[in-house]
Student: 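Pasting a structure below so you can have a look.
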Amino acid sequence: MSPLVVAVIVLSGIGLSMAVLLAIGRKIFPSNLDERHEKLMDILPGANCGGCGYPGCSGYAQALLNDNVAVTFCPPGGSGLAQEVGALLGVEVGEILPMKAIVACAGDSEYAPERAQYHGVATCSAAHTIAGGPKKCVFGCLGLGDCVTACTFGAISISKKGLAIVNLDLCNGCGQCVAACPRDIIHIAPAQEQVHVLCTSPLKMKQIKAACSVGCTGCKICVKQSNGRIVMDGALAKVDYESSKEFPEHACLSCPQGAIFDARRQDILSWITDPSTREKHERDSDDWKAAEKKRKTAAKEAKKAKEAKEVMKKEGSE
Amino acid sequence: MKAVTFKGGIHPRYEKELTAGKTTVPLDAPAQIVIPLSQHIGAPARACVEKGDDVLRGQVVAEAGGFVSVCMHSSVSGKVTAIEPRPSVMGVDAQAIVIENDGEDRQVEFVGLGTNWSAESPEDIKNKISDAGIVGMGGAAFPTHVKLSPPKEKPIDTVILNGAECEPFLTADHRLMLERPSDVVTGLQIMLKVLGAKRGIIGIEKNKPDAIEAIRLAAKDTDAEVVSLEIKYPQGAEKQLIDACLDRQVPSAGLPMDVKVVVQNVGTAVAVRDAVIDGMPLMERIVTVTGPAIAEPANLKVRIGTPLQHAIEACKGIKGELGKLISGGPMMGIALTTDEVAVTKGTSGILALDVDSVYTKAPGPCIRCGRCVRVCPMCLVPTTIAIYSTKGQLDNAEAADVLDCIECGSCSFGCPSRIPLVQQIRLGKSAVLAMRKKA
């Protein structure tokens, strides 16, 4: 017999006997793992993104079974998965809101200039610790892609001008990018929200204008125009995601800096990468401002005329 | 006398001849000074003046914000015009007191203990030092009175004065030792008295034979010893200096006081002498303004709070194209994004490099040559620690003694692939410290 055949026979024999031993062992020492665990593992997405706050899908399944945690924690699975898990565990599940990640910065190299060159370790967290990063704005996106690395779903990319953009079709709102961003620029917002303030800088007018031409200066103009959807947090305008009021179309047009993005007018990719979109937005904004000015002067004149009329009336009656 | 040294280290070009022979010149006070509230390691100082207040030279404008903190004094007389965030050495704006100089230099009365200081109690002397707001003037700016207050169970038997000045380009300490040698020795004696230590050593690199001679002469009638050190970077690092002078090794995660030693910079010793004998607070320091992009390099005596641009202008400004502006030396200094920042108590030099001196190419892969391992003065394995740090393997980084790294930059300097090892290791250090804090 050739040595090859011997080897094949011996190894097959060892494999077979091991399989038999394992099968017997399983009968004698039955697994104390809940069989629902296996079923849960089949249902869960298996991306191990950690968006639920547990170490991977297996960790979440364990927590679901042992610690009675909510079935709604899995962002990639969304509402459908929560229903399935609820059915398996016998829990009633309401509707859950799908969430998406928003990069709250629009200051790419065109709008937010650099003050220094950075040649060190090519990650945002490293650049952030060196003098607050090379950008003049010490709050803006560094564009070195820590969020890209963190995203399990390949939903984030860096634009040519160095800004992180979220592909909303791929984003599951798990929040890994939020944890990875050293500048805290990325936040998770309800997917249905169309309007976002793309700036996180708390600085005042003068400092912002020196650092970025599309940053929020805290002028408060949008607050009046947004039907109460935008609120001030210090010198920074923020969208109130809790409120369910209608967001007026012209809210984004009222911003003198163009810091407010409205997904009903254009998608985020063209907003960041296509200069013509910005130009169109600026034209529309100017038109709206002119119309608003006209409306205001007309209202003023009407008020004046009314007052004059009243005065005449008064004089007449006297 | 044989020169002593430590294991590892590198030999960068020293470039000290640009300023070594130039006498220190006092720089005239600028029209406005900016005093950052955080110029030191520890809690920031608390401003104790308000906008519009009239202040005198030497007046306390900010009080210590804790035990590990120091007070700040105005270095000019004039009016406080603002207390607001200003550009700082760290790159992000930080709270600072802005004082408009009236040019009159009206000053408070300085009361010292006089030449009879040795009759006073160590406590009184230490109070004088802490009232003067003195910090380590080699660059790290650690409050001196804290260093002079070791816990009771850790007695100190030796004080080493660091006159190595191993950073290339810098000559501030060299000039100080030449120009005020007896004050350096007096400062050492004061610190010996405060600590109750017996032995005083002044370590000087042997590339400064004139300074060694001057200090030896000044110390002739005292028991201070002058030790000549091998020319090598980082010879002035605390642990390396102790190793060279005393052959004692500071244990991992330990401090010099664990081997009964306190190390102070020679500049600090002179500041201590001025504070104790003359009652003079720390309001000015010697700054070496140098580098290939400075038109006329010089050693300047600069008031704390002077904007860097004022000091650079005094040296006839920048010649050619500026490549990089650094506060401190090229090895451990901090690259700046603006020249609007102020000279602080720890600013030993202003270094302006031209474009050719700045390496900007992307790093290559590690070729496992081991050069970083050979030069590491702490006997660490920088390449491995750097990989652990960048890959987030913090447990491994901790086990490889990442926290013992003194960030001297020898490994990055020697790396043929130009890998920013120190930056990677620093990231690992802060991550490990954050992890420990969390645990």
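Since this is a predicted model, take the numbers as computed values, not measurements. The sequence lines fix the lettering, A, B, ..., with proteins before strands; numbering per chain opens at 1.
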Student: By a 4.5 Å heavy-atom criterion (distance strictly below it), what part of A/Tyr118 contacts chain B: side chain, backbone, both, or neither?
Tutor: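 A/Tyr118 touches chain B through side-chain heavy atoms alone.
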Student: Out of curiosity, A/Ile130 CD1 to B/Arg426 CZ, how far, rounded to the nearest 0.5 Å?
Tutor: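 If I round to the nearest 0.5 Å, the distance is 5.5 Å.
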Student: A quick test of your reading: do over 12 heavy atoms of other residues, nucleotides or ligands sit less than 6.0 Å from NZ of B/Lys319?
Tutor: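 Buried by this count: over 12 neighbours within 6.0 Å.
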Student: Mark yes or no for whether B/Gln423, through its side chain, and A/Gly120, through its backbone, hold a donor-acceptor pair below 3.5 Å.
Tutor: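 Pair absent, no side-chain N/O of B/Gln423 close to backbone of A/Gly120.
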Student: When rounded to the nearest 0.5 angstrom, what is the spacing between OG1 in B/Thr338 and NZ in A/Lys136?
Tutor: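 The distance works out to 10.5 Å.
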Student: So which part of A/Ala131 gets closer than 4.5 Å to some heavy atom of chain B, the side chain, the backbone, both or neither?
Tutor: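 Looking at A/Ala131, backbone and side chain both touch chain B.
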Student: Does atom CG (A/Asn68) have a neighbourhood of more than 12 heavy atoms from anything else shown, all under 6.0 Å?
Tutor: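 Atom CG in A/Asn68 is not crowded, with 12 or fewer foreign heavy atoms closer than 6.0 Å.
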Student: Would you give the length of the straight line joining atom NZ of B/Lys324 to atom CD of A/Gln117, rounded to the nearest 0.5 angstrom?
Tutor: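 Rounded to the nearest 0.5 Å, the NZ-CD separation comes out at 10.0 Å.
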Student: Nearest 0.5 Å, what's the CG-NE2 distance between B/Leu427 and A/His128?
Tutor: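 These two atoms lie 11.5 Å from each other.
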Student: Side chain, backbone, both or neither: which part of A/Val138 has a non-hydrogen atom closer than 4.5 Å to chain B?
Tutor: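 Looking at A/Val138, just its side chain touches chain B.
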Student: Measure across A/Ala116 and B/Thr337 and return the closest heavy-atom pair with its distance rounded to 0.1 Å.
Tutor: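 Heavy atoms of A/Ala116 and B/Thr337 come nearest at CB-CG2, 3.8 Å.
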Student: Which heavy atom in A/Val121 sits nearest to a heavy atom in B/Pro420, and how many Å separate them?
Tutor: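 A/Val121 and B/Pro420 have their closest heavy atoms at CG2-CG, 3.8 Å.
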